[in-house]
There are 2 protein chains.
Amino acid sequence: MDVRADTRARVEQAALDLFTLNGFEQVTADDIAEAAGISRRTFFRCFATKADAVWGEFSAHVDRLERLLAATRDDQPVLASICAAYVEVNDYAAADLPILRQRMALILGEPALQAHSQVRYADVDRVVAGHVARRTGQSPVALLPRLVATSTRAAATTAFEVWLADGTTTLAADLHAAFDQLALGFPGLRTLSSR
Amino acid sequence: MDVRADTRARVEQAALDLFTLNGFEQVTADDIAEAAGISRRTFFRCFATKADAVWGEFSAHVDRLERLLAATRDDQPVLASICAAYVEVNDYAAADLPILRQRMALILGEPALQAHSQVRYADVDRVVAGHVARRTGQSPVALLPRLVATSTRAAATTAFEVWLADGTTTLAADLHAAFDQLALGFPGLRTLSSR
DNA sequence: ACGTTAGAGACACCCAGTGCCACCCGGCAA
DNA sequence: TTGCCGGGTGGCACTGGGTGTCTCTAACGT
């Protein structure tokens with residue numbers, strides 16, 4: 001199983017490189033298997049779908065987000081705690097940033113991966129909605145918890161897009177900028193045509 | 001082509017009913033074709049994918065949303081104009097509500113359709129972001145236009161979920177409730193544990 | 001009556017994903 | 001050494017979504 005984890009990482013990198021080079025749709029499972037030196041069947045044992053090869057250990061990130069939210073203090077505004085948790089969970093070492101860029105460029109750029117991402121985001125939303133529900137005493141399926149969950153995730157995704165496209169900003173800074181707009185009801189909309 | 005549109009509608013209804021009854025994944029394209037009395041190949045000429053059969057004339061809705069946004073007056077707050085446009089474009093006749101419920105229950109409930117929806121939503125987001133960009137003089141790909149687009153869409157989707165789950169509320173009322181929370185920076189978060 | 005053309009079916013094909021079985025190899029008891 | 005066992009692997013066949021292509025037919029104008 002040590003070998004197994006190693007294989008998984010090797011397959012993942014091969015897939016990432018092929019997807020980046022040729023586009024997600026153009027790369028077949030056979031291509032990845034061949035590049036990684038395994039059989040097609042083994043590829044699908046490492047990753048349930050082609051798309052999963054791009055997401056790495058995402059469920060671990062969701063678990064970490066959940067723990068971070070559970071550990072927040074109650075005197076902190078709800079949105080601030082969510083923002084801090086998002087920043088914390090996306091605090092990568094400088095050495096890991098290139099691979100993060102590669103991953104996110106695929107996820108945000110390839111239609112098939114955008115589609116798949118919705119399923120992953122649903123897990124994130126459940127966690128955030130649960131946090132808001134706990135803090136406000138509402139049901140997790142009520143309007144406010146759900147709305148906060150989806151719109152904070154929208155903020156995070158948008159911050160990622162801007163970070164990816166710009167290249168000069170910090171992910172943490174972009175996340176804070178997006179959350180600030182959201183928490184204040186889009187004050188940027190009130191300074192019209194400032195250009 | 002009169003026949004064509006007629007066929008399309010018949011196929012769509014057959015697909016909708018089969019999906020509702022047996023689940024999206026369980027129904028094959030052959031099943032739908034047989035139920036509609038056409039060949040499998042013809043089904044895929046009516047709808048590019050199985051998922052598209054659920055969405056009907058969605059691009060027409062997006063076009064209508066775009067026209068509604070273009071027609072808004074500039075002295076109206078940006079968020080208010082977007083909310084009004086969303087309400088307007090989702091103003092169905094009472095007779096059409098059952099089929100809308102059926103459609104949305106599938107889209108919001110079936111994982112495969114949730115995934116597909118992301119691609120459709122991207123078109124909506126482009127339109128809304130363009131509107132915000134025009135109103136604020138910013139680039140459509142800047143943080144604020146994108147953020148407003150994604151979070152208003154999140155609000156609309158959440159409103160749909162609540163409307164669908166509740167059954168006693170009006171879609172317009174739920175949309176307004178969600179947009180109000182968003183526009184005011186979630187005032188509901190400040191009345192903690194009111195239960 | 002004649003070609004023309006769009007819609008439909010038939011068929012072959014590609015690829016994602018799954019179930020099943022056979023194999024190989026390291027460990028372990030007799 | 002022999003035999004058994006269990007996990008990782010490959011091979012293979014199969015289902016199902018989606019596409020390209022050919023053919024047929026039926027409506028159309030002249």
Side-chain angles (χ1 to χ4, degrees), chain A residues 1-56 58 106-107 110-120, chain B residues 1-55 58-59 106-107 110-120:
Chain A
M1 49 195 68
D2 191 35
V3 184
R4 178 77 182 274
D6 201 42
T7 298
R8 196 183 143 96
R10 217 182 59 245
V11 172
E12 185 182 328
Q13 193 56 57
L16 237 42
D17 289 338
L18 282 175
F19 291 157
T20 303
L21 196 60
N22 302 115
F24 181 78
E25 312 256 22
Q26 277 61 48
V27 179
T28 72
D30 281 302
D31 295 336
I32 305 169
E34 193 183 358
I38 56 171
S39 79
R40 170 188 152 77
R41 191 63 187 88
T42 301
F43 170 75
F44 280 114
R45 271 193 275 256
C46 282
F47 300 100
T49 71
K50 237 174 64 171
D52 284 319
V54 181
W55 285 83
F58 189 72
L106 285 168
I107 290 174
E110 292 276 356
L113 289 172
Q114 283 174 36
H116 184 80
S117 68
Q118 192 68 11
V119 181
R120 301 310 194 99
Chain B
M1 50 194 63
D2 191 34
V3 184
R4 178 79 183 276
D6 201 42
T7 298
R8 197 182 142 96
R10 217 182 58 246
V11 172
E12 186 182 325
Q13 193 56 56
L16 237 43
D17 289 339
L18 283 175
F19 292 157
T20 302
L21 196 60
N22 302 115
F24 181 78
E25 312 257 22
Q26 276 61 48
V27 178
T28 74
D30 282 303
D31 295 337
I32 305 168
E34 193 182 357
I38 57 170
S39 78
R40 169 186 152 81
R41 192 64 185 86
T42 301
F43 169 76
F44 280 113
R45 271 193 275 257
C46 282
F47 300 99
T49 71
K50 233 174 69 170
D52 283 318
V54 180
W55 285 83
F58 189 72
S59 64
L106 286 168
I107 290 175
E110 292 276 355
L113 289 172
Q114 282 174 36
H116 184 80
S117 69
Q118 193 67 11
V119 181
R120 300 311 194 99

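Excluded from the calculations below are hydrogen atoms, water molecules and symmetry mates; all remaining heavy atoms, backbone and side chain alike, are included. Chain letters run A, B, ... following the sequence lines, proteins first, then strands; residues in each count from 1.
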Asks: Let's go through A:His116 and A:Thr49 carefully: what are the C-alpha distance in whole Å and the side-chain angles of both, what is the deciding distance for side chain to side chain contact (heavy atoms under 4.5 Å, CB included) to 0.1 Å, and is it a yes or a no?
Replies: CA-CA 10 Å; A:His116 184 80; A:Thr49 71; 4.0 Å; yes
Asks: From D:dG18, C:dG9, D:dG11, pick the nucleotide closest to the side chain of A:Ser39?
Replies: D:dG11
Asks: I need the CD-P distance between B:Glu25 and C:dG17, as an integer number of Å.
Replies: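 Distance check: B:Glu25 CD to C:dG17 P gives 11 Å.
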Asks: Separation of A:Glu34 atom CD from D:dT9 atom P, in whole Å?
Replies: 18 Å
Asks: Roughly, in whole Å, what's the span from CG in B:Asn22 to P in D:dG16?
Replies: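 Rounded to the whole Å, the gap is 13 Å.
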Asks: Would you mind telling me which residue lines up with the more 5' stretch of DNA chain C, B:Arg40 or B:Gly37, judged by nearest nucleotide?
Replies: B:Gly37
Asks: Could you work out which one of D:dG11, D:dG17, C:dA16 sits closest to the side chain of A:Arg41?
Replies: D:dG11
Asks: Nearest-Å distance, CD (A:Gln26) to C1' (D:dT19)?
Replies: 14 Å
Asks: If you find the nucleotide of DNA chain C closest to B:Ile38 and the one closest to A:Lys50, which residue's nucleotide is nearer the 5' end?
Replies: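 So the residue in question is B:Ile38.
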Asks: Whole-Å distance between D:dT19 P and B:Asp52 CG?
Replies: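 To the nearest whole Å, that distance equals 10 Å.
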Asks: Do the charged groups of B:Asp31 and B:Lys50 touch, with an N to O distance under 4.0 Å?
Replies: no
Asks: Using whole Å, report how far CG of A:Asp31 lies from P of C:dC14.
Replies: 14 Å
Asks: What's the CZ-P distance between A:Phe19 and C:dC15, to the nearest Å?
Replies: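 So the CZ-P distance, A:Phe19 to C:dC15, works out to 14 Å.
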Asks: Quick one: which residue pairs count as a salt bridge (charged side-chain N to carboxylate O under 4.0 Å, His left out) with a foot in residues 12-30 of chain A, not counting sequence neighbours?
Replies: A:Glu12-A:Arg103
Asks: Consider the side chain of A:Phe44, meaning its heavy atoms from C-beta on, and name the nucleotide among C:dG17, C:dA8, D:dT9 that approaches it most closely.
Replies: C:dG17
Asks: Ignoring hydrogens and geometry beyond distance, is the side chain of B:Arg45 in donor-acceptor contact with the base of C:dG9 at under 3.5 Å?
Replies: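 Side chain to base: pair found, below 3.5 Å.
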Asks: More than 12 non-hydrogen atoms from neighbouring residues, nucleotides or ligands closer than 6.0 Å to CD on B:Glu34, yes or no?
Replies: no
Asks: Taking CG from A:Asp30 and C1' from C:dA16, how many angstroms apart are they, rounded to a whole number?
Replies: 10 Å
Asks: Considering only C:dA16, D:dG17, C:dA10, which nucleotide approaches the side chain of A:Ala29 most closely?
Replies: C:dA16
Asks: Looking at A:Ala33, is its backbone amide N or carbonyl O close enough to the side chain of A:Arg40 to form a donor-acceptor pair, meaning the two atoms are under 3.5 Å apart?
Replies: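 The answer is no, because no donor-acceptor pair under 3.5 Å joins these two groups.
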